[in-house]
Amino acid sequence: MENKGNKYMNPYLAGLLLGVVLLASFYLTGRGLGASGAMKSVVVSGVDKVSHDYAENSHFYSKYISNDQKPLRSWLVLEVFGVLIGGFISGALSGRLNLKLEKSPKITNRKRIWMAIIGGALFGFGSQLGRGCTSGAALSGMAVMSLAGYVTMMAIFGTAFALAYFFRKNWI
Amino acid sequence: MGPIIPLFEISEEINLLIAFLIGIGFGFALEQAGFSSSRKLAGMFYGYDITVLKVFFTAAIVAMLGLLFMNYMGMIDMSIVYVNEYYMASAIIGGVIMGAGFIIGGFCPGTSVCAAAIGKIDAMYFIGGSLIGILIFGQTYPLWEKLYNAQYLGSLKLSDSLGIKDGILGLLVIVAAILMFWLGELAEKRFKREDISKEI
Amino acid sequence: MKRPYIKLLGLIIVLLTVGLVFTSLQTSKKYKFDTKAIELHKELVSSTHFIDPQKASEILSKQHDEYIFVDIRNPREFDNFHIEGAVNVPMQQILDDQFISFLKNDKTKVLYSNESIEADQIRLLLTQFGYSNLFVLQGGANYWKENMISKDVFKSKGEYDDEKLKFDISKLTATE
Amino acid sequence: MKARFILSLILVSLGLVAAILPQKKNSSIELDAQQLLNEIQQENHLISTDEMANALINNDPEYQLIDLRSETEYKQYSLPGSINIPFEKLFDAEWAPYIDQIARKNVFYSNGTTLSSEAWMLTKQRGFKNNYILQGGLNEWYTTIIEPEVPASINGEEAINDYEARLGAKQFFTGAGAVNNASANTDAKKPVARKKKKMVAGGCS
């Protein structure tokens, strides 16, 4: 009975909601949603903190730092902060707030954590190379019909499907 | 006419506030859809739960149709709206790496933040991993710089490269999505796993 | 927490966004430009829209009906001095409905200000707004005032073309 | 099942409508006339010769002078650091990075003010920012900076101060310190932070 509130929204309705948020983002700001950009800002500002000169001279970091601009005071960082709050509100309303390591019973906690870290690292790396993640490149890109969006989307889901068999233990 | 912020030179603070509000909406929608659960996300690739497919394509279609109609009604200037720049090599290779990351880690950056917000420990590790991955990319950037900037084709739209109207592409995407929804729901029935569905 | 709350919250988000989008539909009355900047640029390069004072005085002496002189300065300046037969349409009010209909007729309008620049800008504005048959009097009222000898006699001397160099350029280049 | 069928039908019909509707090209770049009229009257887009002379003396990188006259005129004499974009070539693709950017203040000039104000009006309508007009053009440059008029004593202290500043400026632009034109022209670099097509910087990378 306690799982009564644990139900998720109808996927189509949730999709509609997400679509409306995305549309609002386009209408208000002219850009879609994103997430990996905010993570990059965190990394960039971290590197900048550690060694400003190094960041300044690096081809990669120097693109995102300039003297009058703080990488953390950016649109995407605030947006991702909002995601954190929005997710929390929704989780609280649906009674889904609890510290939990989600995994398949077939694998150990340790393995799940390593998988998460490796997966995260791959995703982080790929999102930089591909100029955006599922939300920034694929979802927002598809909404504006950008070729990059469709190509990235197909590459992500195609690869995931292709590799699914090898990692089935993790999830099933 | 939109997009409002770039056109009306709205102040930075309001812009950031709107970013925050949109983020809340984004996070709320993701969490409600169940994107805060890695097994639900991964379910799509094994056919037992195709929520990702449904939500993702519904959202893309809603936003796409919205933009098409808003453009028709003169409410938005599509020449200002950001269209992702297409670097063929890096988009494909980056996408493949992300795909591998998705199936191994079970999240993507947006959903991991959302999942971390409700206390999923694996999501927190995923975020840490992402930061490491970005740092690795930043440190080894000179190695990838050439690939990163190769085959630049500009802010290309799929409709333009196919030579069709935006609206017709929109229709094609809708039809394709409905077919996928239908197939996906068939798969959901076929690969149904009660135990997992309950655990999620 | 029960599910209806969540549905309600989702609905509120949707409604807010839709409301936001539609409230911004009601924009103020806008005058859209009809002529695109690039076409206008070509037109400016290829043809002249200036009338020199000499020609203007000929027009006036022959009393051509198809020309109207439009004074875009303020009423005080207009009362002080204006070209005979000119109509005063202060530039601040040039987009007001009453003047718009006046500017819409088929006659050739010759705009002038104290000099020619403001008239030129207003002409560009109106052209972008879809009006045609607009010209600008070179030299403007200032030049006119200095060179008008009597009611019908106009003695053109001095420089009325704003774009003509008024000094000896060799003085500048010599210093190098 | 029925609900799904209806939903699909709605989506497809919306898609059909979208496919049938003509594709419009909206441009928000067009200002409305009243807005433009206000801007003309406010004259915020005018840069006085004194202000410009000051900026040149201080080597202010914020300003980019753009000479709208013909190439011959430009070669004969131009202001230090200016680049030549003849009026007819204003919208040529090669100059787009200079005209449509957000990094620097473009100051249009010609002999008088007609060409520069026309250029300003056109760029304004296309939605380009950061374009300004050198008030009075070279003619005024000459009468204020190169050969400044001696103020009548009744004009008060301020006028005399101005005059002294102008004499200093004159020294700078005509004397030994005068910038050689040939080298000044190559000086004009492309703006650093060029804005691409006025698009929103976005994406999530």
Side-chain angles (χ1 to χ4, degrees), chain C residues 27-46 49-50 72 74 90-96 100 113 115-131 136 138 159-176, chain D residues 27 29-41 43 46 68-69 73 75-79 86-91 110-128 133 135-143 146-147 173-176 178-182:
Chain C
T27 41
S28 59
K29 185 171 147 196
K30 276 201 173 183
Y31 296 100
K32 281 254 166 144
F33 293 124
D34 289 344
T35 310
K36 296 275 175 286
I38 293 177
E39 292 161 26
L40 196 57
H41 176 239
K42 282 186 192 137
E43 188 196 309
L44 285 175
V45 169
S46 60
H49 51 277
F50 284 111
I72 64 160
N74 61 39
M91 63 183 274
Q92 292 83 351
Q93 293 157 26
I94 204 140
L95 294 174
D96 291 1
I100 284 299
S113 48
E115 283 171 341
S116 58
I117 293 141
E118 281 177 324
D120 189 35
Q121 290 187 332
I122 293 298
R123 181 194 163 273
L124 270 179
L125 178 79
L126 292 172
T127 314
Q128 282 164 336
F129 187 13
Y131 291 90
V136 172
Q138 276 180 317
E159 195 44 67
Y160 50 81
D161 184 357
D162 169 63
E163 278 301 325
K164 197 136 188 179
L165 214 52
K166 294 195 178 107
F167 57 91
D168 184 4
I169 205 150
S170 60
K171 273 188 193 169
L172 285 172
T173 43
T175 55
E176 272 190 35
Chain D
S27 184
I29 282 163
E30 295 156 84
L31 289 161
D32 66 87
Q34 190 62 49
Q35 220 174 322
L36 191 50
L37 182 64
N38 293 343
E39 285 206 37
I40 292 172
Q41 287 173 53
E43 302 194 335
L46 298 178
L68 293 167
R69 303 170 303 157
E73 286 174 291
K75 281 198 174 131
Q76 209 175 9
Y77 175 74
S78 66
L79 294 180
F87 183 70
E88 11 356 314
K89 294 183 181 159
L90 187 63
F91 292 141
S110 52
N111 288 334
T113 323
T114 308
L115 272 187
S116 43
S117 64
E118 285 173 359
W120 179 79
M121 290 284 286
L122 294 174
T123 51
K124 192 82 202 164
Q125 198 205 347
R126 292 196 68 193
F128 301 166
I133 298 171
Q135 201 172 9
L138 282 181
N139 286 331
E140 194 160 318
W141 180 265
Y142 186 80
T143 54
I146 308 294
E147 288 296 338
F173 289 109
T174 60
V179 187
N180 184 302
N181 270 324

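Each chain gets a letter, A, B and so on, in the order the sequences are listed, and its residues count up from 1. Just the heavy atoms: all of them, side chains too, but no hydrogens, waters or symmetry mates, feed the values below.
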_Side chain / backbone / both / neither for D:Glu43 at chain C, heavy atoms under 4.5 Å_ = side chain
*Rounded to the nearest 0.5 Å, how far apart are CG of C:Leu124 and OG of D:Ser117?*
7.0 Å
*Among side-chain atoms of C:Asn74 and C:Gln92, is any donor-acceptor pair under 3.5 angstrom?*
no
*Option that, when pairs with chain D are counted at under 4.5 Å, heavy atom only, ranks first among C:Asp161, C:Ile122, C:Leu44*: C:Leu44
*Of the backbone (N, CA, C, O) and the side chain (C-beta and beyond), which part of D:Ile133 lies under 4.5 Å from a heavy atom of chain C, both, or neither?*
side chain
*With a 3.5 Å cut-off and no angle check, do the side chains of D:Gln135 and D:Thr113 form a donor-acceptor pair?*
no
_Test of understanding: with side chain to side chain donor-acceptor pair (under 3.5 Å), list the residues that count as partners of C:Asp120, not counting sequence neighbours._
C:His49
*Under 4.5 Å from a heavy atom of chain D, the part of C:Lys164 involved*: backbone
